[in-house]
Engineer: 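What follows is a single structure, and I will ask about it in a moment.
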Amino acid sequence: QVQLVESGGGLVQAGGSLRLSCSVSGSIFMINAMGWYRQVPGLQRELVASISSVGMTKYADFVAGRVTISRDNAKNTVDLQMNSLKPEDTAVYYCNAAIRLPIPNAPPRDVWGKGTLVTVSS
């Protein structure tokens, strides 16, 4: 069973930094894109940043210049370094990975972590 486990969330003052980490475990063949999403209660989950298997990155406009996504393919991890945090960044942050299982011809499947809460105080 493939699992994604996030860590690194918490309470931080506005202007501060946090580093979120996500580790993928289980029987996998390979991981395609990985990403971080966030969700505020009552609102849709939105993409924060994503990174392809070869390191191409994409950032949401609302975090551009403040966030860096990185991954370690050997360790099956993806990190999100967040700087200059704002109160509006408060949300539950979810790790996502497009996983290919060691099953012939199986398509990639989206796997989600359970989320980690980031709270930014003003």
Engineer: My understanding is that a hydrophobic cluster links ILVMFWY residues whose side chain heavy atoms are under 4.5 Å apart, including indirect links. Using that, what else belongs to the cluster containing Met30?
Structural biologist: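 Met30 shares its hydrophobic cluster with Phe29.
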
Engineer: Considering residues at least two apart in sequence or located in another chain, which fulfil the side-chain hydrogen bond (donor to acceptor under 3.5 Å, both in side chains) criterion with Ser17?
Structural biologist: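 Testing Ser17 for side-chain hydrogen bond (donor to acceptor under 3.5 Å, both in side chains), a comparison that skips the adjacent residues, returns Asn83.
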
Engineer: Can you list every pair that meets salt bridge (charged side-chain N to carboxylate O under 4.0 Å, His left out) and has a residue in residues 55-75, with sequence neighbours left out?
Structural biologist: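 Those involving residues 55-75 are Arg66-Asp89.
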
Engineer: Tell me, please, which residues at least two apart from Gln3 pass side-chain hydrogen bond (donor to acceptor under 3.5 Å, both in side chains).
Structural biologist: none

Engineer: Would you please name every residue forming a salt bridge (Lys or Arg N to Asp or Glu O under 4.0 Å) with Arg19, sequence neighbours left out?
Structural biologist: Asp79

Engineer: Report the distance from atom CD1 of Ile99 to atom CE of Met34, rounding to the nearest 0.5 Å.
Structural biologist: 6.5 Å

Engineer: Show which residues join Val54 in its hydrophobic cluster (side-chain heavy-atom contacts under 4.5 Å, direct or indirect), or state none.
Structural biologist: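 Noted: Val54 shares its cluster with Met56.
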
Engineer: What distance do Thr77 atom OG1 and Leu4 atom CG have between them, rounded to the nearest 0.5 Å?
Structural biologist: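 Atom-to-atom, Thr77:OG1 and Leu4:CG are 11.0 Å apart.
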
Engineer: Ring pair (Phe, Tyr, Trp, His ring centres under 6.0 Å): which pairs involve residues 38-70, sequence neighbours left out?
Structural biologist: none

Engineer: Measuring from Ser122:OG to Gln13:CD, what's the distance to the nearest 0.5 Å?
Structural biologist: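 Between atom OG of Ser122 and atom CD of Gln13 there are 9.5 Å.
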
Engineer: Would you mind reporting whether Cys95 and Val78 have side-chain heavy atoms less than 4.5 Å apart?
Structural biologist: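 Yes, close enough: below the 4.5 Å cut-off.
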
Engineer: Can you sort out the partners of Val118 under side chain to side chain contact (heavy atoms under 4.5 Å, CB included), two or more places apart, ordered by chain and number?
Structural biologist: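 Leu18, Leu20, Met82, Tyr93, Val120.
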
Engineer: At their closest point, which heavy atom of Leu80 faces which heavy atom of Val67, and how far apart are they?
Structural biologist: CD1-CG1, 3.1 Å

Engineer: Nearest heavy-atom pair of Gly35 and Ile69: which atoms, and what distance?
Structural biologist: CA-CD1, 4.2 Å

Engineer: Among pairs that include at least one residue of residues 100-122, which meet ring pair (Phe, Tyr, Trp, His ring centres under 6.0 Å), considering only residues two or more places apart or in two chains?
Structural biologist: Tyr37-Trp112

Engineer: Other members of the hydrophobic cluster containing Leu43, with the 4.5 Å side-chain heavy-atom rule, please.
Structural biologist: Val40

Engineer: Decide salt bridge (charged side-chain N to carboxylate O under 4.0 Å, His left out) for Lys114 and Glu6; before the verdict, give the C-alpha distance in whole Å, the side-chain angles of both, and the deciding distance to 0.1 Å.
Structural biologist: CA-CA 7 Å; Lys114 294 182 178 180; Glu6 302 101 335; over 6 Å; no

Engineer: So, using salt bridge (Lys or Arg N to Asp or Glu O under 4.0 Å) as the criterion, who are the partners of Arg100 when residues are at least two apart?
Structural biologist: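 Expected list: none.
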
Engineer: Where is the tightest heavy-atom contact between Ala91 and Leu117, given as atom of each residue plus distance?
Structural biologist: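 In this case the closest contact between Ala91 and Leu117 is O-CD1, 3.6 Å.
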
Engineer: When you compare the side chain of Asn73 with that of Ile31, does any pair of heavy atoms fall below 4.5 Å?
Structural biologist: no

Engineer: Of all heavy-atom pairs between Ser121 and Leu11, which one has the smallest distance, and what is that distance?
Structural biologist: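 In this case the closest contact between Ser121 and Leu11 is CB-CD1, 4.2 Å.
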
Engineer: Which pair of non-hydrogen atoms, one from Cys22 and one from Trp36, has the smallest distance, and what is that distance?
Structural biologist: CB-CZ2, 3.5 Å

Engineer: Quick one: list whatever passes side chain to side chain contact (heavy atoms under 4.5 Å, CB included) with Glu88, sequence neighbours left out.
Structural biologist: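 Once residues adjacent in sequence are excluded, the partners of Glu88 under the side chain to side chain contact (heavy atoms under 4.5 Å, CB included) criterion are Lys86.
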
